[in-house]
Amino acid sequence: MNGRGNEALVEAFDKTEPEFIRNVCIIAHVDHGKTCLADYLVSSNGIISARLAGKMRYMDSREDEQVRGITMKSSAITLYHSPIILNLIDSPGHVDFSSEVNSALVLSDIALLVVDVVEGVCSQTEALLRQAVFGRLDIILVLNKMDRLVVEVKQTPEEAFRHIRCLIEQINSCLSQIVHGQLVEEEWCKFEETERSLHFDPAKGNVIFSSAVRGYGFSVDDFATLWAPKLNIDAAELRASLFSDSYVAGPGRIKPDAERLGKKTLFEQLVLQPMWEVHKHGLIEPDVDRLKAIAEKMGVKSLRSRRAEEAFDEFMRLWMPLSRAAIRACAKAKSAKRAYNNEERLCSILGNEGVQHPLFPTLKQCDADNETTVLFVAKILRTAGHNVAMCRVMSGTVKTGDRLFVTHEKRHVPADSDDEEKENHENGVEVPQKVAVTVKAVFILMGRELIPCSSAKAGAVCAVEADTWIPGTTLCSDENIEVGLDLNVETSEPLVRVSIQPTGGPESWDELRAALKQLNVLDASVRVVEQENGELALVTAGEVHLQKCLQDLEDMGQMNVMVSEPIVPFLETIIPDSTMSFAKIVALQKTECNLRSGQATITLRAAPICEEVVTFMQKHEHILKEIREGICNHKRAAKFMDELKEVCVEKLPVKGTWWAKQPKQRIEALVDRIWAFGPPRARFNILFNAIESYDRPAVWTRGSKRLRPLDATMVAGFDLSMATGPLCEEAVQGVAIIVESWTLDETDLNDPTLTGQMISAMKQTCRAAINKHPLRLVAALYRVMVQTNAVGLGKVHPVLSQRRAKVVNEDVNQATGLFEIEALMPIIESFNFCEQLRKKTSGLASAQLFFAQWQMIDEDPFWEPTTQDEIEHYGTKGDSINQARLYMDNVRRRKGLMTDEVIVVNAEKQRNLKRNK
């Protein structure tokens, strides 16, 4: 865009009111056409040539994005189509960059969901649709790559119509499951109205048919407008019937039941047949003269291209421009002004306080003239040597020189706690001081560039440079606002870790630390950990994300660094012991500890928590976090407690565990007396208080009952034991510790060494109790989706089996004729999988990997053959590979722990062959 164009855009950006602003993100599975679509929308403003659109990948500004052909970061651009300002955000499709998708969604009110019309609904399609529904966005469905139905699949108009109709029904089915499943759980009584409003129907104008690589796109509006005068039918009537089972019965007449009567439907006759004819002469049987004749009939004259394919692209771009269809659909969707008029959506970002939140009326109005300026910070960008924040102005107008205050996501005092609790809380918790930032500059986002502007009004998406890095997610001009916005959509935790160190002297360590800190600021999915021994660890979402982060470090000047082999965490757990009777379990699994010759004693036992209870806690992890931090209000805690109690009573009694014969009342009483949940690294463990003489408040209440001295040491010891399990010091999951007695000589309370001894004693006692159960490793698994043809199928399975992947489904996509294989693979086995797959199949197979679940490895890491049959089958030493043992020993070696490996087997004394006399 030239200087004059920049001036016009800045002027429009400054004057456009919120009702004329549309914030739009593009979401899709990998290679379904997001970036091509973005290119054509960008070309509509003259920023790039229409000939280069789809090839230039304008929004992919990184070199590795261009080389790999995938988007790795969300980038935004502001487009002006008078009177509308369109803030367009392109997002990645690769699962490793889900946090980037998150930042795009939370800034937007409208989502363009791009689906390959041939491949249909893929794994990421459903996940992204779910995120868009949870964010209460308006969703426009873009059925992309329509040309593939003609050129590759060679469907007739009748077959194509059936295929498209089935695909839209399938997407609507996914939508219905998401709405009914999640929104009913949230007690959103308007779920039927929500489903009706989101339902995809071409007649509503929320479905676009396109080929982004060819530059054309249309909705039923385009063809209704084209054919209505010729058929002497009202345009509104034709629009409503065009995608239905109706047919033209004569001039001015439309009748139903086309399929039953053997008639061509309106969509086949009026839309697909003309489109197929154009594709035929442009791509299948090239005929430039015939193409030009059709173009003239459609009012498109003087095609310049001489080659049929180029002439086809030129004609389609001029006849049915993709940008026109997309912008028209976005213009009909919600504006920034109306984005938060929906009370449910507004309450979802205001947390527990909802309509009582002081910002509720301010955000609902979305008024540029409001005195209170509210900015939501989605992520930090690095450009031209400066850190700028990609923001959305929620209220007011942000200008250069403004002073804004950082607010916190959660209130540290529950909204429904009484005055006494508030006073206790204020006395016991340090209240964070307000952080103020000064706005140094405001910019319009233009993909690879930033255009300076004087201000940004409510509803706009912009970039802001501040005098200091912005540490919060919400900035507000009102210093008295305590609670910020909670717009985050949950993403999976990073799992792939490497150790990283510089090759230079001591000063290079400081440079690397600074670079890693910078990387952590710029990428929300990155975790940087400095170990106690000084080792720096970089934790990323996956292999591709790791490669991107290493490239980022290189761009920051960190050329000479050593990176270890990728490390993937495991979990440890215990399982029921079906070989023991209940009496033996009660007697033998009790563990006691005497401290200081009996002056302090602890008696406890460990018991496995069944998978259903663990799954329930995982589902409510955010509540466990709030309980741990002491910020969960009483109503949510009480509801969670009641639901947890029901699940525990129904699911915990399992044969081979201490729970097996516990009465219902006993389990309910224990749930009422939960002492603590696990630490952040191992949340899904529970410490129960079964001490009759100790009536302490439960973990989710703050009563007036006084805690025993050294109560915190018991929780600290429990936390340490759960953070480092007995197998290989990985985090523990699914373990309950039931403390049955705890005595303490209060004359020793003044001894400063007692605290440390109590923590150590509790930790060791918990570990001893866990060791009395069968131990198992739990591995993180990827869900692997492989596509290949019949030739490559036989080579895919050996690669999967070498990686210890378990195939769970194998089917043929009827549209493409490709085999689709779904498998579960341990993440530890996944490195270089895609490269090996491509090499073994000569490029015939491609794969997508995304985190699926944690799953227990059934093998006992300490198993050895004992019975005669086992010895005959496996040998006396158990010569078959014990994969759990292999994983455990690898982790122990990496951590410098002892292993039981036999280094020398059958050693014999060496001697000379010569006999000494």
Side-chain angles (χ1 to χ4, degrees), residues 569-595 601-611 614 652 654-660 675-676 678-679 681-682 684-688 690 714-742 757-779 856-864 866 878 882 884-893 895-901:
F570 287 89
L571 296 176
E572 300 181 26
T573 191
I574 57 178
I575 62 171
D577 190 347
S578 56
T579 63
M580 293 180 67
S581 65
F582 181 75
K584 285 186 176 181
I585 289 172
V586 172
L588 300 180
Q589 290 182 353
K590 180 185 290 188
T591 308
E592 297 181 359
C593 174
N594 290 324
L595 191 64
T601 63
I602 302 171
T603 304
L604 54 80
R605 67 174 67 247
I609 299 174
C610 63
E611 187 177 346
V614 172
L652 274 183
V654 176
K655 184 180 179 182
T657 69
W658 179 79
W659 306 104
W675 199 331
R681 281 188 59 203
F684 312 120
N685 303 287
I686 306 177
L687 177 64
F688 289 101
M714 298 288 282
V715 177
F718 166 74
D719 286 352
L720 289 173
S721 65
M722 296 300 107
T724 56
L727 288 177
C728 48
E729 295 194 354
E730 293 287 272
V732 177
Q733 176 175 287
V735 172
I737 299 293
I738 302 104
V739 183
E740 297 181 347
S741 69
W742 173 35
Q757 291 177 348
M758 280 296 300
I759 293 174
S760 178
M762 180 63 179
K763 175 186 174 183
Q764 297 302 329
T765 310
C766 290
R767 175 167 287 198
I770 290 172
N771 273 321
K772 292 183 177 181
H773 294 73
L775 303 172
R776 294 292 186 271
L777 277 179
V778 182
M856 186 180 69
I857 301 172
D858 290 331
E859 291 176 289
D860 181 356
F862 300 110
W863 180 84
E864 290 182 357
T866 52
N882 185 328
R885 179 63 173 264
L886 195 63
Y887 290 149
M888 182 185 74
D889 286 343
N890 286 340
V891 176
R892 293 187 69 89
R893 276 195 299 271
K895 293 183 176 182
L897 304 174
M898 293 181 62
T899 64
D900 294 333
E901 291 178 296

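Excluded from the calculations below are hydrogen atoms, water molecules and symmetry mates; all remaining heavy atoms, backbone and side chain alike, are included.
Distance alone, capped at 3.5 Å, places no donor-acceptor pair between the Asp577 side chain and the His773 backbone. Using modelled atom types, one side-chain atom of Ser721 and one backbone atom of Phe718 make a donor-acceptor pair closer than 3.5 Å. No side-chain donor-acceptor contact under 3.5 Å links Asn771 to the backbone of Pro726. A donor-acceptor pair under 3.5 Å is absent between the side-chain atoms of Arg605 and the main chain of Glu740, judged by distance alone. Checked by atom type and distance alone, the side chain of Asn882 never pairs as donor or acceptor with a backbone atom of Phe862 at under 3.5 Å.
Between Thr657 and Ile585, the closest heavy-atom pair is N-CD1, 3.8 Å. Here the closest non-hydrogen pair linking Ile738 and Ala690 is CG2-CB, 3.6 Å. When all heavy atoms of Ala884 and Leu777 are compared, the closest pair comes out as O-CD1, 3.5 Å. Between Leu604 and Cys766 the shortest heavy-atom distance is CD2-SG, 4.1 Å. Scanning both residues, Ala768 and Thr591, for their nearest heavy atoms gives CB-CG2, 3.9 Å.
With a 4.5 Å cut-off on side-chain heavy atoms, Pro569 and Glu730 count as touching. The shortest side-chain heavy-atom distance between Leu687 and Met722 does not fall under the 4.5 Å cut-off. The shortest side-chain heavy-atom distance between Ile575 and Pro608 does not fall under the 4.5 Å cut-off. Residues Met714 and Ile602 are in side-chain contact: their nearest non-hydrogen atoms beyond the backbone lie under 4.5 Å apart. At least one side-chain heavy atom of Ile574 sits less than 4.5 Å from a side-chain heavy atom of Leu775.
The neighbour count for Glu611 CD, taken as heavy atoms of other residues, nucleotides or ligands under 6.0 Å away, does not exceed 12. The 12-atom threshold is exceeded at NZ of Lys772, counting heavy atoms of other residues, nucleotides or ligands nearer than 6.0 Å. Counting heavy-atom neighbours within 6.0 Å of Lys584 NZ, excluding the residue itself, gives a total of 12 or less.
In this structure, Cys593 SG and Met758 CE are separated by 8.0 Å, a value rounded to the nearest 0.5 Å. Atom CG of residue Leu897 and atom CG of residue Leu727 lie 11.0 Å apart, to the nearest 0.5 angstrom. Taking CE of Met888 as the start and CD of Glu859 as the end, the distance is 11.5 Å to the nearest 0.5 Å. Separating the SG atom in Cys728 from the CZ atom in Arg892 is a distance of 7.0 Å, to the nearest 0.5 Å. In this structure, Ile737 CD1 and Ile686 CD1 are separated by 11.0 Å, a value rounded to the nearest 0.5 Å. How far CH2 of Trp658 is from CE of Met580: 14.5 Å, rounded to the nearest 0.5 Å.
Using cut-offs of 30° and 60° for the angle between ring planes, the Trp742 and Trp675 rings count as tilted.
Checking Arg776, Glu572, Gln733 one by one against Met856, the side-chain contact (heavy atoms from CB on, under 4.5 Å) holds for a single residue, Arg776.
Ring to ring, Trp659 and Phe688 are close: their centroids are under 6.0 angstrom apart.
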